[in-house]
Amino acid sequence: MQHVVIIPEPEWRQLTARLDRLEQAEAARLLATTTPPDEVLNVQQAAAYIGLSAEALRRARRKNRIKGVRLNEKE
């Protein structure tokens, strides 16, 4: 046995319009929160950016004085 729900046309149009608005709002929210990834710098570039030598930056990272993503130090 199948059940059927009869919805008047104006109410149906209102519901579908609301659904369209919700889908557009969700798509806009996803686009607004999607940010491009940060630029990845090698040790030389990162050290120059913060004003340290490359070896001083490596020492600081090893001693956990500088937090962040740890990249391969074999450069």
Side-chain angles (χ1 to χ4, degrees):
M1 177 183 262
Q2 295 181 351
H3 297 280
V4 176
V5 177
I6 299 175
I7 300 174
E9 185 177 353
E11 188 177 343
W12 176 253
R13 290 185 189 276
Q14 181 184 14
L15 289 172
T16 56
R18 182 175 181 216
L19 179 62
D20 289 339
R21 286 194 310 272
L22 288 172
E23 288 175 343
Q24 290 172 359
E26 179 66 13
R29 186 187 65 81
L30 288 175
L31 288 176
T33 59
T34 305
T35 58
D38 292 335
E39 181 182 354
V40 177
L41 302 177
N42 63 29
V43 174
Q44 303 293 336
Q45 293 169 331
Y49 182 76
I50 60 175
L52 294 174
S53 68
E55 191 54 37
L57 176 60
R58 287 187 185 101
R59 281 194 311 265
R61 280 186 10 210
R62 287 184 193 122
K63 292 181 180 183
N64 291 326
R65 284 189 249 146
I66 295 179
K67 303 290 181 191
V69 177
R70 295 173 190 220
L71 302 175
N72 188 355
E73 294 182 1
K74 298 176 185 176
E75 293 181 6

Exercise for the section: Answer yes or no: is there a side-chain heavy-atom contact under 4.5 Å between E26 and R29? Expected result: yes

Anything under 3.5 Å between a donor and an acceptor, one on a side chain of residues 46-56, the other on a protein residue two or more places apart or in another chain? List them.
from	atom 1	to	atom 2	distance (Å)
S53	OG	A56	N	3.1

Practice task
Report the distance from atom CZ of R13 to atom CD1 of I7, rounding to the nearest 0.5 Å.
Solution key: 13.0 Å

Problem - Separation between CZ of R18 and OG1 of T16, rounded to the nearest 0.5 Å - result: 12.0 Å

Handout entry: Verify same cluster id: V5, W12 (apolar side-chain graph, 4.5 Å)
Key = yes

Handout entry: Gap between atom CZ of R58 and atom CD1 of I66 - 0.5 Å precision
Key = 12.0 Å

Practice task
Take atom CD of Q45 as the centre, draw a 6.0 Å sphere, and report whether it contains more than 12 heavy atoms from other residues, nucleotides or ligands.
Solution key: yes

